[in-house]
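Just so it is clear, the structure is predicted and the values come from calculations on it, not from any experiment. Naming convention: chains lettered A, B, ... in sequence-line order (proteins, then strands); numbering from 1 in each chain.
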Amino acid sequence: MTDPGGEAGLVEREGEFGGDGGGGPPGASPLLELRSLETTYTTDRGDLKVLDGVSLALDAGRILGLVGESGSGKTALLRSVMGLFPTSHVRMSGHVLLDGQDLLGLDRQALRRLWGSRIAMVFQDPMSSLNPVMRVGRQVSEGPRTSRHLGRSEARELALATLRSAGIRDASEIYGRFPHQLSGGLRQRVAIAIAIASAPQLLLADEPTTSLDVTIQAQILYLLGTLARQRRIAVVLVTHDLAVAASTSDTIAVMYAGRIVEMGPAATVMAVPRMRYTQALIRTSPQAHHEPGARLEVIPGRPADPIDLAPGCAFAPRCGYADERCLTIRPELEITQSDTTHRFACWNPSDSRMVAPEGPALRQRDDDERPAT
Amino acid sequence: MARLTASVATRLLMLVVVLFVISISVFLLVHLLPGNPAYAILGPGATPAGVERVVHELGLNKPLTTQYLSWFGRAVRGNLGNSYLTHQPVGATIGHAFPVDLELVILSQVIAFAIAIPMAVAAARHQGKWIDRTFTAGSFGMLSMPPFVIGVPLLLALAVTAHLFPATGYIPIYKEFLTNLHEMLLPSITLAIGSVAVYYRLLRSDLISTLQEEFVTLARSKGLSDRAVMYRHALRPSTIPLVTATAINVGSLLGGAVIVEYIFDLPGMGLLLVNGINSRDYMMVQGVILTLATAFVIINFLADILYRVIDPRVRHA
């Protein structure tokens, strides 16, 4: 177990956190770094570029909320980091650096050694991601048994401890159960226990709370936050729900048509979204409407078809602010003048005047929110 | 546990009802056969008076319901009557013959699984590749060959010409274990071929869909080897339809066993049945069919219990 190290890390983490608003400490290399990552599925319809030059960095102990509509490339990003695809018709280029090591050049055997022990996944629906005919305890213990060559009883002890740290109190009773005998929340806790059993550095969570009801959702998000801080696990939290990302993440990255279109500290992105798509997402989320009975706003049109992309901004066809330039030239991720951690790709961004006066207050709020999440 | 007991009790009750219905249909079917057992017993020189006497002796002049009730009354107490032809007790004769079928069917299924499961695993892992295409084409071939088409060339090539196996002969398994296996191997393979094809096709398609399941992706993401993912995670859920198929298949296997016994000259139920029908030996035919039907029902009953072992969702449902 790495708990002592985790506690030390927590203290150190808080120290850094006071000095720096959103991003990692300058100079230190991030745990996960993607550099111009491109992923293409070769299909019968033609090549499908699901990731189009994604670059981002994530430090240990931090949570990155990855937000976007279905088909925006969120899941493809997780799969690309993992190198785990359901088909072999995949082409990748760019760099996936885990602790400085490029994973793109690794063969399957070498990748498999990373899976579980350094990178782990949590899926959306624990009902379908847990094996229905295997006792949950064994599903937790088999990872460490393989990756750490533990014996049966050692693996059992570790699995029990892991189930407890995933917030399951009567772990020894749950250990012998089958998935269908557990509630949805417990199942997702088991799935998280499976993911952290081999003490990974990076946790990729694909919509981990979408299939759960709202109270359970909050508990699971709280658990992910706790694990990230205590065990210094870097978490990529994929969600289509901006509110989920905002409440849990340190950083939010908004994806559209395989690209990151806006990225920055969670509170900043939520308070002063610059890119028009982000803005639309916030405006259309149900939480944004305060008047009862008011019609929900929708973003017109459909998500972009990655097979047939316009040369300019992919969101331009649906954007009310689009002009000639938006349709012809693709905007790149730019740094905002007031905040070096906030970047967005937009030719006609929303007004940034509110950033300056409210900036420090936002950071203050960010700090206050952390213990609550 | 109480649920399991209740469920087993319900099943047993159903078993009794099913066997009752079967006994009636078997009885009617046999008595609908044209011909009279008296002619078969007396041979070509039968006189009307002799026929009259035999019919009276066998009670064949009594109403069918009376005949049925007296047969069924004795059958439930384990007495299946005496053969019209040999005057031996039918139960004892079946007692010698049935183990031959049982062994043939069990051995053929063991062989079928031993071949079909690795084939299906390999094909599912390399879906669409040459190995998958070869196996799938091969399984079509196997499906289209009934036992009498496979058995005769096997017998000629491996037993008559190459002398690797005995062509005929049978010694019970409890007397000489290895000799028995040697004798039973070729008939079992003959009977297994069709099952291999059925199980292979079923398991292959089921494995392919199981491999798409998210829990298989999760198993991969734990860093397990392909082998562990396949055998520990994918295969077990996929064996559930296999159990169903096997239980249903047993019916046609018992039918196939009759033919295989005939080809390899094994003293099983097939021989009793064919001889019984030819000589209108009602008692023997009724006894044989009732035994086979009981075996079929019991095997399906066992399959239902096996589901509970394999699939915990059924166990706790």
Side-chain angles (χ1 to χ4, degrees), chain A residues 75 78-79 81-88 108-136 138-148 176-181 187 190-191 194-198 200 203-204 206 211, chain B residues 1 3-4 117 122-132 203 206-244 303-317:
Chain A
T75 302
L78 294 195
R79 291 193 179 282
V81 171
M82 195 84 173
L84 180 61
F85 295 92
T87 75
S88 53
R108 211 179 148 74
Q109 195 69 34
L111 272 179
R112 192 183 295 142
R113 275 195 290 275
L114 300 178
W115 293 346
S117 58
R118 292 183 64 195
I119 316 175
M121 285 189 97
V122 175
F123 292 89
Q124 174 173 337
D125 182 4
M127 192 68 225
S128 55
S129 69
L130 297 178
N131 189 330
V133 298
M134 195 187 274
R135 292 180 196 278
V136 295
R138 188 158 170 234
Q139 299 193 47
V140 178
S141 66
E142 71 170 346
R145 284 196 73 175
T146 306
S147 60
R148 295 212 205 153
R177 298 271 192 93
F178 288 97
H180 69 274
Q181 298 172 297
R187 262 184 232 138
V190 168
I194 289 174
I196 61 171
S198 296
L203 184 62
L204 306 174
D206 193 354
S211 66
Chain B
M1 204 58 214
R3 263 187 186 162
L4 180 67
I117 292 174
R125 267 175 74 170
H126 307 283
Q127 192 197 346
K129 305 273 170 55
W130 67 268
I131 189 164
D132 177 27
L203 192 56
D206 207 78
L207 269 178
I208 285 172
S209 68
T210 305
L211 288 175
Q212 307 290 320
E213 297 274 351
E214 211 159 69
F215 69 80
V216 171
T217 311
L218 180 69
R220 285 219 175 92
S221 81
K222 291 179 194 172
L224 302 180
S225 67
D226 283 347
R227 174 175 291 268
V229 168
M230 184 58 96
Y231 283 94
R232 215 181 293 161
H233 285 272
L235 195 56
R236 190 157 156 201
S238 283
T239 49
I240 294 165
L242 202 60
V243 171
T244 315
D304 276 346
I305 293 175
L306 198 57
Y307 286 136
R308 293 163 193 282
V309 179
I310 297 177
D311 192 342
R313 287 166 297 185
V314 178
R315 202 182 308 161
H316 303 288

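Residues A:Arg112 and B:Leu224 come closest through the heavy atom pair CD-O, 3.2 Å. Closest approach of A:Asp125 to B:Glu214, counting heavy atoms only: O-OE1, 3.9 Å. Taking every heavy atom of both residues into account, B:Thr217 and A:Phe123 meet most closely at CG2-CZ, 3.8 Å.
Atoms CZ and CG, from A:Phe178 and B:Asp311 in turn, are 9.0 Å apart once rounded to the nearest 0.5 Å. Taken to the nearest 0.5 Å, the CD1 atom of A:Ile194 stands 8.5 Å off from the OG atom of B:Ser221. Distance check: B:Asp226 CG to A:Arg108 CZ gives 5.0 Å after rounding to the nearest 0.5 Å. B:Lys222 NZ to A:Ser141 OG: the interatomic distance, rounded to the nearest 0.5 Å, is 8.0 Å.
The choice from A:Met134, A:Gln124, A:Gln139, A:Glu142 that makes the most heavy-atom pairs within less than 4.5 Å of chain B is A:Glu142. Considering only heavy-atom pairs separated by less than 4.5 Å from chain B, the leading option among A:Gly143, A:Pro179, A:Ala120, A:Pro132 is A:Pro132. For the set A:Thr146, A:Val133, A:Leu84, the count of heavy-atom pairs under 4.5 angstrom toward chain B peaks at A:Val133. Interface remark: of the candidates B:Arg236, B:Arg232, B:Gln212, B:Arg232 forms the most heavy-atom pairs closer than 4.5 Å to chain A. Contact tally against chain B (heavy-atom pairs below 4.5 Å) for A:Ser147, A:Ser128, A:Pro200: the top residue is A:Ser128.
With a 4.5 Å cut-off on non-hydrogen atoms, A:Met82 touches chain B through its side chain but not through its backbone. Within the 4.5 angstrom heavy-atom criterion, only side-chain atoms of A:Arg79, from C-beta onward, approach chain B. With a 4.5 angstrom heavy-atom cutoff, A:Leu204 does not touch chain B via any of its atoms. Only the side chain of A:Arg138 comes within less than 4.5 Å of a heavy atom in chain B; its backbone stays farther off. For A:Gln109, no part lies near chain B; criterion is any non-hydrogen pair under 4.5 Å. There is no contact between B:Leu211 and chain A, counting heavy-atom distances below 4.5 Å.
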